[in-house]
Amino acid sequence: MSSRILGIGSYLPPKVLTNADLERLVDTSDEWIRQRTGIVKRRILEQDSDPTIMGIEASKQALKDGGISAEQLDLLIYATNFPNMISPGSAPFLAQALDLGQIPFFDLKAGCSGFVYGLVVANGLIDAGVFERILLVGSEALSRVTDWKDRKTCVLFGDGAGAVIIERAPSGEGVLGVSLHADGKKAHLLRLEAGGIQIPVSHETIDAGRHFFKMEGKEVFKSAVTMMEFSSREALANAGIELADVDWIIPHQANIRIIRALAQRMKIPMDQIIVNIDRVANTSTASIPLALDEAYRDGRIKRGQILVLTAFGAGVTYGAVVMKF
Ligand code: UT7
């Protein structure tokens, strides 16, 4: 294992949507949303905004933080569930905006675990000597695929982006252990059905609302805690690191009750877990880099500390990365 995070950045669109705003849209209450999810507000990308702006701003910050220029990158990995276009995805638009020239890029789709999957892929490619410095972006404009009439989903999500520059590191620094898993039998739990080649968009699919993101919330909830606990423990074992030596856990921000249950099962106090779901809701692939960036900037997370990043999401996918930051 031989790569580390050189620079980090994030972006949140300025428009705030509070629980009180949602009370005016659907039959819900601030109390229900806070108690059942821990969410108080979220950011929403304006209807007329180009979603690329989120990746651009997060990447520029990450480049600045890492003290390098875009010309020094040799790969872009863009983790997202809902790309700018089904084809060619999102990465080409960000590469164009950042003027990345002829370097390769690709979209990575692994549900909300996309950022963790991206870290493992980037680490492997650097370890194999294929690339030196990789830009990994997690960006999501979930508001664009949300059914604003469905109270079961619309209260949960927010928009945002996070980016990291990953580069070769001396042994013993950066990524120390990883764990990736998935279970295709649970593919139905989180889905946007229409618009792919199995169910192309038609008047019927639009009338039936099949172009919106849907999920079996309760079923996802049940698996989420076990999956993140399993992966975190496996990645720690692979790294040869004891739980007692971990400084911070940065879990995917899907529901505060999932995060609390994870803390309880791992026997880690909540004050060692980074939480920002109250302010940004579930931003899918952006959730871990957003939380990491925020805690790094406000001084909680420091260089040299041991971090566990863990996520689960559509697929279902799950995983964890243990790193010396
Ligand atoms: O990134 C991964 C993506 N997704 C997730 O991680 C989601 C994981 N799941 C969850 O976070 C939770 O299951 C939810 C927050 C989605 C739902 O919480 P829950 O405690 O599992 O609630 P529930 O679905 O069992 O619903 C309880 C009640 C129901 O009413 P009845 O049938 O008991 O009368 C729902 O109709 O709450 C009702 N309800 C709501 N009430 C007010 C569901 N959504 C709302 C709402 N406002 N927004």
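This is a predicted model, so every value here is computed, not measured. Just follow the structure's listing: the first ligand is 1, and inside any ligand the first atom is 1. These values consider heavy atoms only, across backbone and side chains, with no hydrogens, waters or symmetry-generated copies.
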Take Glu216 and Arg191, measure what salt bridge (charged side-chain N to carboxylate O under 4.0 Å, His left out) needs, and give me the verdict at the end.
-> CA-CA 9 Å; Glu216 311 305 322; Arg191 64 206 185 276; 3.1 Å; yes
When the aromatic ring centroids of Tyr78 and Phe93 are compared, is their separation below 6.0 Å?
-> no
Considering only protein heavy atoms, which is closest to atom 25 (O) of ligand 1, and at what distance to one decimal place?
-> Lys218 NZ, 2.6 Å
Among all protein heavy atoms, pick out the one at the shortest distance from atom 6 (O) of ligand 1; state its residue, atom name and that distance to 0.1 Å.
-> Ala254 CB, 3.3 Å
With a cut-off of 4.0 Å, which atoms of ligand 1 are near a heavy atom of Leu190?
-> 3 (C), 4 (N)
Provide, to 0.1 Å, the distance between atom 30 (O) of ligand 1 and the closest protein heavy atom, together with that atom's residue and name.
-> Arg151 NH2, 4.4 Å
So CG of Leu190 and CE of Met215: to nearest 0.5 Å the spacing works out to 6.5 Å
List the steps, then state whether side-chain contact (heavy atoms from CB on, under 4.5 Å) holds for Arg43 with Lys15.
-> CA-CA 6 Å; Arg43 300 296 185 92; Lys15 184 177 170 184; over 6 Å; no
Proximity to ligand 1 by part of Val26, non-hydrogen separation under 4.0 Å = neither
Side-chain donor-acceptor contact under 3.5 Å, Thr80 with Glu140 = yes
Take atom NZ in Lys324; do more than 12 heavy atoms of anything else shown fall under 6.0 Å from it?
-> no
Find all atoms of ligand 1 within a distance of less than 4.0 Å from any non-hydrogen atom belonging to Asn255, and give their numbers and elements.
-> 10 (C), 11 (O), 12 (C), 15 (C)
From CA spacing to verdict: salt bridge (charged side-chain N to carboxylate O under 4.0 Å, His left out), Glu294, Arg279 | CA-CA 12 Å; Glu294 184 186 280; Arg279 284 157 286 131; 2.8 Å; yes
Interatomic spacing from CG in Leu12 to CG in Leu45 - rounded to 0.5 Å | 11.0 Å
Stepwise side-chain contact (heavy atoms from CB on, under 4.5 Å) check, Val175 with Arg4 | CA-CA 6 Å; Val175 175; Arg4 68 180 188 116; over 6 Å; no
Within 4.0 Å of atom 19 (P) of ligand 1 (strictly less), any protein heavy atom?
-> yes
A student checking ligand 1 against Phe312 at a 4.0 Å heavy-atom cut-off should list atoms 2 (C), 6 (O)
For atom 3 (C) of ligand 1, decide whether some protein heavy-atom distance is shorter than 4.0 Å.
-> yes
Examine Trp32 against ligand 1 and note whether any of their N/O atoms are separated by less than 3.5 Å.
-> yes
Protein contact of atom 7 (C) of ligand 1 - nearest heavy atom, named by residue and atom, plus distance = Met215 CE, 3.6 Å
Just do the salt bridge (charged side-chain N to carboxylate O under 4.0 Å, His left out) check on Asp298 and Arg300 with the steps written out, would you?
-> CA-CA 6 Å; Asp298 70 21; Arg300 274 175 294 164; 2.8 Å; yes
Got an N/O contact under 3.5 Å between Thr28 and ligand 1?
-> yes
Looking at Arg36, which atoms of ligand 1 are within less than 4.0 Å of one of its heavy atoms?
-> 19 (P), 20 (O), 22 (O), 27 (C)
Near Val155, which atoms of ligand 1 are under 4.0 Å from a heavy atom of that residue?
-> 48 (N)
Per-atom contacts of ligand 1 with Thr37, taking only distances under 4.0 Å to non-hydrogen atoms = 15 (C)
Arg257 heavy atoms, cut-off 4.0 Å: which ligand 1 atoms fall inside?
-> 18 (O), 20 (O)
For Gln272, look at atom CD and say whether over 12 heavy atoms of other residues, nucleotides or ligands are found less than 6.0 Å away.
-> yes
min-distance protein heavy atom vs atom 5 (C) of ligand 1 -> Val220 CG1, 3.8 Å
Which residue supplies the protein heavy atom nearest to atom 8 (C) of ligand 1, what is that atom called, and how far is it?
-> Gly217 O, 3.5 Å
Less than 4.0 Å between atom 32 (O) of ligand 1 and some protein heavy atom, yes or no?
-> no
List the steps and the verdict of salt bridge (charged side-chain N to carboxylate O under 4.0 Å, His left out) for Arg265 and Glu229.
-> CA-CA 7 Å; Arg265 289 177 70 130; Glu229 184 192 6; 2.7 Å; yes
